[in-house]
Amino acid sequence: MGKFPVLDSFTSEYLILASKRMRRYPALLQYLLFWAITQLFYFPTRYSGFVTDFTGLLSRFEGRTAAGILDCFGFPAMQQVLNALLYTWHAIFGIAPLPWYLLQSSLHALNALLLLQLGKALSERLQLPNAHLMGWMAAFLFLLSPYASEPVTWRVAQNFLLSTAVILGTARLTLDWLYKPDRHRWVLIQILFILGLFTFELVLIIPLLSSLLLLMLPHGSWPKWRRLSLPQFGGVGLYFMLNRLMLGSWVGHYGAEVHLKFELPVLLGNGLRYTAKHLLFARNWPHAAKQWLFEGLAQPAVALSLGGILIMLLAAGLIFRNRLSNRWRLSVIGLTGFGLALLPVLNLYFNYTLHLENDRYGYLASAFLALVLATGFSALPRWGRLPLLLAYLGCSSYFLWQHNQFWWKSTQVYQQMLDGFDYYDTPAAYLLNLPDNFQGAPMFRDYSGEDHAFRDALKYIRQQPYNGQIYEVAQYNMTRLTDGATATVDSTGTLRVEFNQWGNWWWRRGIGMGPGYDTEVYEVDSKGHHYFLTLRQPEQGAVFLIQEGLEWREVE
C-alpha cells in the first residue's frame with residue numbers, strides 16, 4: 001500500500017471496474033490497439049496530403065454553399081455522401097492538418113477491425129481451428145500494408161477508406177444475416193449499400209460479394225439470395241440510370257470511355273501485376289527487377305495464359321465448392337473477393353515506376369488478399385508459422401515506414417516551396433523545375449496543363465494568392481531533398497535548364513514531357529537531362545525561378 005490507502009483502494013477498485021467493463025467491449029479494445037499502431041506508423045504524415053487534387057477540391061468548394069453537395073460541386077460522379085463529409089469537415093476544420101489526419105488514420109484502423117471480425121466470422125462459419133487467430137493475422141497484414149500509405153495520407157482519398165468500411169461492414173452483417181435472417185439486419189445492410197453507392201463506385205461490387213458468400217458458405221440458399229442480393233442488383237441498375245439522367249453518361253468519374261473499356265489481356269495482365277505487387281512487395285524492388293516482372297506479366301501471351309489458368313481454378317473452386325476442404329473454401333472466397341475488388345480498376349493505368357502512386361486502387365483488394373495470406377499462414381506447422389508471419393510483417397512494416405517517410409519529406413519540400421515564394425511584386429513567374437512528386441508522393445501536379453498546381457497551392461494552402469501569371473515550364477520527379485537544377489542564359493536569351501544530378505526526368509501534365517512542347521509565350525525543347533527554353537514574348541519584370549533543395553533561386 002502507498003501513503004494514501006483510501007486513494008489506493010479507490011484506484012484499485014476503479015481499475016478492476018474498468019477492466020471488467022472493457023472485457024465486455026472487446027471490439028473497442030481491438031480498435032484502440034489498431035488505432036495506436038496506426039498512429040505509430042503514420043504520425044510523421046500528419047501534415048501531409050494537402051496537395052494536388054485537394055487544392056482542386058477546395059477550388060470547387062469556393063463560392064458554393066452546402067447545396068453544392070447535390071451536384072458534387074461539379075465533379076462528374078454520384079458521390080453525394082462523400083462530398084457531404086468532405087464539405088462538412090472542411091467547413092468545420094478548414095485545412096487544419098490534425099483533424100484530417102485523425103479522420104483518415106482512424107478510418108484505416110476501423111477497416112482493420114472490420115477485417116478482423118470478418119476473418120474471424122468466416123473461419124467460425126467454416127469451422128476452422130483458431131478462428132480468432134485467422135482474424136488477427138488478416139487484420140495485421142492489412143493494417144501494415146505499405147500500399148495503404150497513399151489512401152490513408154492523401155486528403156482526397158477518403159472515398160477508398162469509406163467504401164472499404166462499407167464493403168467490409170456489409171460483408172460482416174451478411175454473414176450474421178445468413179445464419180440468422182431478421183428484418184433489422186437486412187434493412188441495415190441495404191441502407192449501408194445505398195449510402196455506399198453514393199460514396200464511391202467500388203461499392204458496386206457488394207451484390208457480387210454477397211452472392212459469393214451466399215454461394216460458398218453453409219446455410220446459403222436461392223431464397224436467401226433473392227431476398228438479399230436481388231434487391232441490390234436492382235439498386236445497381238437504378239444507380240446507372242440515375243448516372244445517365246444526371247450526368248448524361250452511364251458511368252461517371254473518369255467516364256464510360258475509360259471505365260467501360262475492356263481488353264482481356266490488359267485486364268488479366270493488371271490482375272497479375274496487382275497480385276505480384278501485393279504478395280511480393282514487388283513495387284519496392286529495384287527498378288530493373290520490377291520492370292522485368294511487371295512488363296513480363298503485361299505481355300498478352302503471359303497475361304492470357306497465367307490469368308486464364310487462375311480464373312479457371314477459381315471457377316472450379318466455385319463449382320466444386322462442396323468437395324473443397326473448408327480451408328480451401330476460405331481461400332477461394334478471399335481470392336474471388338480480391339478479384340472483385342480489383343474489377344473496377346483493372347482497366348485503369350497501372351504504375352510501377354514510382355512509389356505510392358495509384359496504390360489506393362488496391363487498398364480494398366489488399367484486405368481480401370490478407371485473408372488469403374492468413375489462411376496460408378494458418379496451414380503452416382506451428383513451429384514455422386510465427387517466424388514466417390513475423391518476417392513477412394517485418395518487411396511490410398519496413399516498406400510502410402519508408403513510404404510514410406516519402407510523404408514526410410515531400411511535405412517539407414512542398415511547404416518550403418510555398419513559404420519561400422517571395423515574388424508577389426512581379427507580374428509573372430516562370431517556374432523552371434517545379435517538383436511534380438517526391439518518390440511518388442504527389443506535390444505540384446496539374447493534369448490540365450493550365451498551370452494551376454502552384455497557383456492553387458499558394459491560394460488555398462498558403463492562403464496568400466499570387467495575382468501575377470505563373471508559368472509551370474517543367475515539372476520533374478524529385479528523389480532526394482537535395483535535388484535541383486541549374487539554369488544558364490546564352491547570348492540569344494535562350495535558357496538552358498539542366499539537372500544537378502542523375503535519376504530524374506522532365507514531366508508535364510503528370511507524365512514525361514517527351515521532346516518538349518510549344519505555347520503562345522514560349523517553346524520548350526527537351527534533350528532528356530536538360531532542356532532549352534526560348535521566349536516568344538519576353539515580359540518586363542518577370543522572374544525566372546530554379547528550385548534547388550528546399551529553396552528557390554532566381555535566374556539572373
Side-chain angles (χ1 to χ4, degrees), residues 49-96 99-100 103-104 106-107 110 151 154-167 169-170 187-207 231-260 344-345 348 360-361 363-364 446-448 450 452 456 459-461 463:
F50 297 92
V51 292
T52 180
D53 280 9
F54 184 81
T55 52
L57 174 72
L58 298 188
S59 70
R60 292 197 299 273
F61 285 169
E62 188 174 10
R64 301 290 301 272
T65 65
I69 293 170
L70 297 176
D71 70 346
C72 297
F73 299 95
F75 188 75
M78 302 295 293
Q79 298 177 354
Q80 284 80 5
V81 174
L82 171 67
N83 277 275
L85 173 61
L86 291 170
Y87 181 83
T88 302
W89 208 255
H90 179 258
I92 297 173
F93 300 109
I95 58 170
W100 291 88
L103 173 63
Q104 290 181 230
S106 299
L107 283 171
L110 173 63
W154 202 2
R155 301 309 169 209
V156 288
Q158 290 179 22
N159 46 354
F160 290 90
L161 300 168
L162 291 167
S163 58
T164 297
V166 169
I167 291 167
T170 53
V187 170
L188 181 56
I189 291 171
Q190 306 302 356
I191 289 175
L192 279 175
F193 172 59
I194 293 170
L195 291 175
L197 276 180
F198 296 97
T199 301
F200 194 47
E201 304 90 83
L202 278 179
V203 175
L204 289 167
I205 73 167
I206 283 181
Q232 293 174 345
F233 281 107
V236 169
L238 291 174
Y239 171 81
F240 282 119
M241 292 176 65
L242 195 58
N243 268 271
R244 181 67 175 174
L245 180 64
M246 295 188 66
L247 304 177
S249 173
W250 294 106
V251 182
H253 205 157
Y254 295 130
E257 65 278 3
V258 173
H259 291 294
L260 300 183
V345 301
L348 302 180
R360 62 194 184 279
Y361 292 160
Y363 179 75
L364 169 63
D446 179 15
Y447 291 105
S448 71
E450 298 178 359
H452 287 307
D456 285 353
K459 181 177 182 179
Y460 297 112
I461 305 304
Q463 298 186 345

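Note that the coordinates shown come from a computational prediction; the quantities given were computed from them, not determined experimentally.
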Distance-minimising heavy-atom pair for [X] and [Y]:
X: Gln232; Y: Pro207; answer: OE1-CA, 3.4 Å
X: Gly74; Y: Arg64; answer: N-NH1, 4.3 Å
X: Cys72; Y: Ala77; answer: SG-O, 3.1 Å
X: Leu197; Y: Gly235; answer: CD1-O, 4.1 Å
X: Val203; Y: Gly196; answer: CG2-O, 3.4 Å

Going from [atom1] on [X] to [atom2] on [Y], what distance comes out if it is rounded to the nearest 0.5 angstrom?
X: Leu58; Y: Asp456; atom1: CG; atom2: CG; result: 9.0 Å
X: Phe240; Y: Leu245; atom1: CZ; atom2: CG; result: 15.0 Å
X: Tyr239; Y: Phe198; atom1: OH; atom2: CZ; result: 7.0 Å
X: Ile206; Y: Phe233; atom1: CD1; atom2: CZ; result: 11.5 Å
X: Met78; Y: Asp71; atom1: CE; atom2: CG; result: 10.0 Å
X: Phe61; Y: Ile69; atom1: CZ; atom2: CD1; result: 8.0 Å

(message) Could you work out, with side chain to side chain contact (heavy atoms under 4.5 Å, CB included) as the rule, every residue matching Pro76, not counting sequence neighbours?
(response) none
Contacts under 3.5 angstrom, residues 83-90 side chains, donor-acceptor by atom type, not counting sequence neighbours:
residue	atom	partner	partner atom	Å
Asn83	ND2	Gln79	O	2.9
Tyr87	OH	Ala66	N	3.3
Thr88	OG1	Ala84	O	2.7
Trp89	NE1	Pro99	O	3.4

Residues two or more places apart in sequence or in another chain: which of them pass salt bridge (charged side-chain N to carboxylate O under 4.0 Å, His left out) with [X]?
X: Glu450; value: none
X: Asp53; value: none
X: Arg244; value: none

Hey, are the side chains of [X] and [Y] touching, using non-hydrogen atoms and a 4.5 Å cut-off?
X: Ile461; Y: Phe54; result: yes
X: Thr55; Y: Lys459; result: no
X: Val236; Y: Phe193; result: yes

(request) Please confirm whether the backbone N or O of Leu103 pairs with a side-chain atom of Ser106, one donor and one acceptor, at under 3.5 Å? (result)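 A pair under 3.5 Å: no.
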(message) Has Trp100 got a side-chain atom pairing as donor or acceptor with Gly94's backbone, closer than 3.5 angstrom?
(response)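 Indeed, once roles are kept as given, a pair shorter than 3.5 Å links the two residues.
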Could you list the donor-acceptor pairs under 3.5 angstrom formed by side chains in residues 155-165, with sequence neighbours left out?
residue	atom	partner	partner atom	Å
Arg155	NE	Ser48	O	3.0
Arg155	NE	Thr153	O	3.3
Arg155	NH1	Val152	O	3.1
Arg155	NH1	Thr153	O	3.1
Arg155	NH2	Thr45	O	3.1
Arg155	NH2	Ser48	O	3.3
Ser163	OG	Asn159	O	2.7
Ser163	OG	Phe160	O	3.3
Thr164	OG1	Phe160	O	2.7

(request) Dump the intermediate steps for side-chain contact (heavy atoms from CB on, under 4.5 Å) on Thr199 and Val166, then the final yes or no. (result) CA-CA 9 Å; Thr199 301; Val166 169; 5.5 Å; no
(message) For a side-chain contact (heavy atoms from CB on, under 4.5 Å) check, start with the C-alpha distance between Val187 and Gln190, then their side-chain angles and the critical distance, and finish with the verdict.
(response) CA-CA 5 Å; Val187 170; Gln190 306 302 356; 6.0 Å; no
